[in-house]
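Structure first, then comments.
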Number of protein chains: 2
Amino acid sequence: MKSRLATYFGIPNLNVLKIPGSGQQHVPCHVGLCRKYRMSKESLAEQIANRLRRDILRGKLLPGMSVKERDIAAEIGVSRTPIREAIRILSKEGLVELRPSRSPIVALSDMSEVSDQIEVLVALEKLSAELACKNASSDEIKHLSDITDYMANHFDSTDPLDMFEIDMSFHTAIAAASGNKALADTHGTFLRRLWRARYLSAIQKRNRDRVVNHHTAILDALRAGDGTAARDAIDNHLQHLARDIRSVIEQETATESE
Amino acid sequence: MKSRLATYFGIPNLNVLKIPGSGQQHVPCHVGLCRKYRMSKESLAEQIANRLRRDILRGKLLPGMSVKERDIAAEIGVSRTPIREAIRILSKEGLVELRPSRSPIVALSDMSEVSDQIEVLVALEKLSAELACKNASSDEIKHLSDITDYMANHFDSTDPLDMFEIDMSFHTAIAAASGNKALADTHGTFLRRLWRARYLSAIQKRNRDRVVNHHTAILDALRAGDGTAARDAIDNHLQHLARDIRSVIEQETATESE
DNA sequence: TTTTCTCCGATGGTATACCATCTTTCGCGG
DNA sequence: CCGCGAAAGATGGTATACCATCGGAGAAAA
């Protein structure tokens, strides 16, 4: 019997053959085989964290739901140890909330928390843009340019979710172009935390021209190496985003309290 | 026999009585007793993380040293499980570096990384100050004022390490006064990451007047609710700090390569 | 019927055992 | 003497077992 984990991650039969109740004595090490067969260099815990993160961000696990170690372990077919570790990873990212001697729950972010996070994200991204003006390589600029072009040309013919991810990659690329790793990491953390709110907003408030214009303005400032203009362009872009997110959340909470 | 952990954390005899080799069957739960006796609400892993964090930041564990789960577990007298978790916590804070299938090592922050982190810290603290202008309560302002007064009056008669921690609390208090929890948390993370570099710099470049003047300027801006002035004052203060840190690190690396 | 208390099940925390991998060292052949 | 390979030790990754705690269900008392 092939474990659900194997199925989920597309690991072939030769790997992770698990007979329920047989213990783990003769089961090959996942990581080891993964590495040997060049399948995955992540530890089980990281893979599980990725899986749970996606489930949370996509809404399969809703805010407030409890995340039980044993249940998830049984569902995936691994022991509790890597599940625990995955949950800790997600808690550090702010996606789940640990409670002493209780099940962790999927973090429920109210409006004020989301607003706070947006505020920080804006500051980080403005700094990213400013630094990118000095440090971005021509390749990185081209990458940003390609993303913008693609969005302009395929906005209406692409799945909204895909387009959303492309949009995200634009912002991630700016953070990367800053050349400041600590900044890019932290920026990425906040982007992930806001993923769900951004996603909900993005699929509702689709506005090709606005997005493309904003991105173009940012790109122009980066090309010109004008730090102040880049900050302003980012600020303008994200203030619109913040407004959209707020309106979506208000709408969502209003629906819930009906 | 009292375990070293108990000794280390000042936990009295009734708690965490551990007979080496006796297993854990009849040993009371640390957390439980801790809570019952109002001793500590932290889990073992968190306590260990705190201990290791201090050891790293104070220089007992030097950058580049390996952090072996088994050794630490044996030294403290607990199992590897909470040690693992503690190490993960520290890795998320950037204090230790995880390596696949290798011992984690204490993060060695070269100049460029520290510079990057300072850059982010400055941005976060400028935002904190700006927000604090709007959101700080009179109590919070008074707290900041008290800290500044204390530093002015006791700078030379206080242990440099204590004075350093007081200085840190000034900056933490500003972040808290922003009213933005996500911001305060992230700011705290960067402050911790830079603890060692800041500490080394602080004990070398003691300059009462400069620090007090800077803090006073920041405080005045906060009182006036002048966001721009607050940002500038913070920026000025931290640019001096950055310069000091850089010079200390240059000096340190020069000494090492002798 | 309501309230309180007790007990048990669910769940997270910790300890221990085992496995895969990597590193290092030692031995053998050139 | 040198280089290569195999075996053993060190170390992180995972599985499993046990314990303390907490909350709710059910019983007992008001």
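Just so we're on the same page: letters track the sequence lines, and every chain starts at 1.
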So if I take every side-chain heavy atom of B:V78 and compare against C:dA15, D:dG12, D:dT16, which nucleotide ends up nearest?
C:dA15
Is there a side-chain contact between B:L131 and B:L183 in this structure, where contact means two heavy atoms from C-beta onward sitting under 4.5 Å apart?
yes
How is A:T81 classified with respect to the nucleic acid when contacts are heavy atoms under 4.0 Å: base, sugar-phosphate, or nothing?
base
Look for any protein N or O under 3.5 Å of an N or O in nucleotides 8-10 of chain D and output each such pair with its distance, or none.
none

Let me know the distance between CD1 of A:I105 and P of C:dT11, rounded to the nearest Å.
15 Å
Provide, to the nearest angstrom, the distance between the CD atom belonging to A:E69 and the P atom belonging to D:dA17.
16 Å
Rounded to whole Å, the CD-P distance (B:E46 to C:dG13) equals 9 Å
Is B:Q204 close to B:S247 at the side-chain level, that is, under 4.5 Å between some pair of heavy atoms?
no
Is a donor-acceptor contact shorter than 3.5 angstrom present between the side chain of B:R99 and the base of D:dG12?
no
Could you give the CD-to-C1' distance, from A:Q47 to D:dT14, as a whole number of Å?
13 Å
Whether over 12 other heavy atoms sit under 6.0 Å from A:K92 NZ
yes
Indicate yes or no: does A:E113 engage B:K181 in a salt bridge with an N to O separation below 4.0 Å.
no
Please report the distance, rounded to the nearest Å, between CG in A:D71 and C1' in C:dG12.
13 Å
To the nearest 0.5 Å, tell me how far A:E125 CD sits from A:L238 CG.
4.5 Å
Looking at A:F190, is A:R193 sitting on its ring face, NZ or CZ under 6.0 Å from the six-membered ring centre and within 45 degrees of the normal?
yes
Taking salt bridge (charged side-chain N to carboxylate O under 4.0 Å, His left out) as the definition, give me every residue that meets it alongside A:D244, ordered by chain and number, with sequence neighbours left out.
A:R210
Checking C:dT14, D:dT16, C:dT11 against the side chain of A:S103 (C-beta onward), the nearest is C:dT11
Check this for me: does any side-chain nitrogen of one of B:R70 and B:E75 sit under 4.0 Å from a carboxylate oxygen of the other?
no
Rounding to an integer number of Å, can you tell me how far A:R84 CZ sits from D:dT16 P?
16 Å
Nucleotide nearest B:P82 (side chain, heavy atoms from C-beta), chosen from D:dT14, C:dT11, C:dA15:
C:dA15
Starting at CZ of A:R70 and ending at P of D:dT16, how long is that distance when rounded to a whole Å?
13 Å
What closest approach, in Å, do B:A173 and B:H143 show between heavy atoms, and which atom pair accounts for it?
CB-ND1, 4.1 Å
D:dT14 C1' sits how many Å from A:I76 CD1, rounded?
14 Å
For nucleotides 23-25 of chain C, which of its nitrogen or oxygen atoms have a protein nitrogen or oxygen under 3.5 Å away, and what is each distance?
| from | atom 1 | to | atom 2 | distance (Å) |
| --- | --- | --- | --- | --- |
| C:dT23 | OP1 | B:R102 | NH1 | 3.0 |

So, for A:A182 and B:Q117, which heavy atoms are closest and what is the spacing to 0.1 Å?
CB-CG, 3.9 Å
Could you please name the option among C:dT11, C:dA15, C:dG13 that lies closest to any side-chain atom of B:S79?
C:dA15
Does A:R80 put a side-chain nitrogen or oxygen below 4.0 Å from OP1 or OP2 of D:dC18?
no
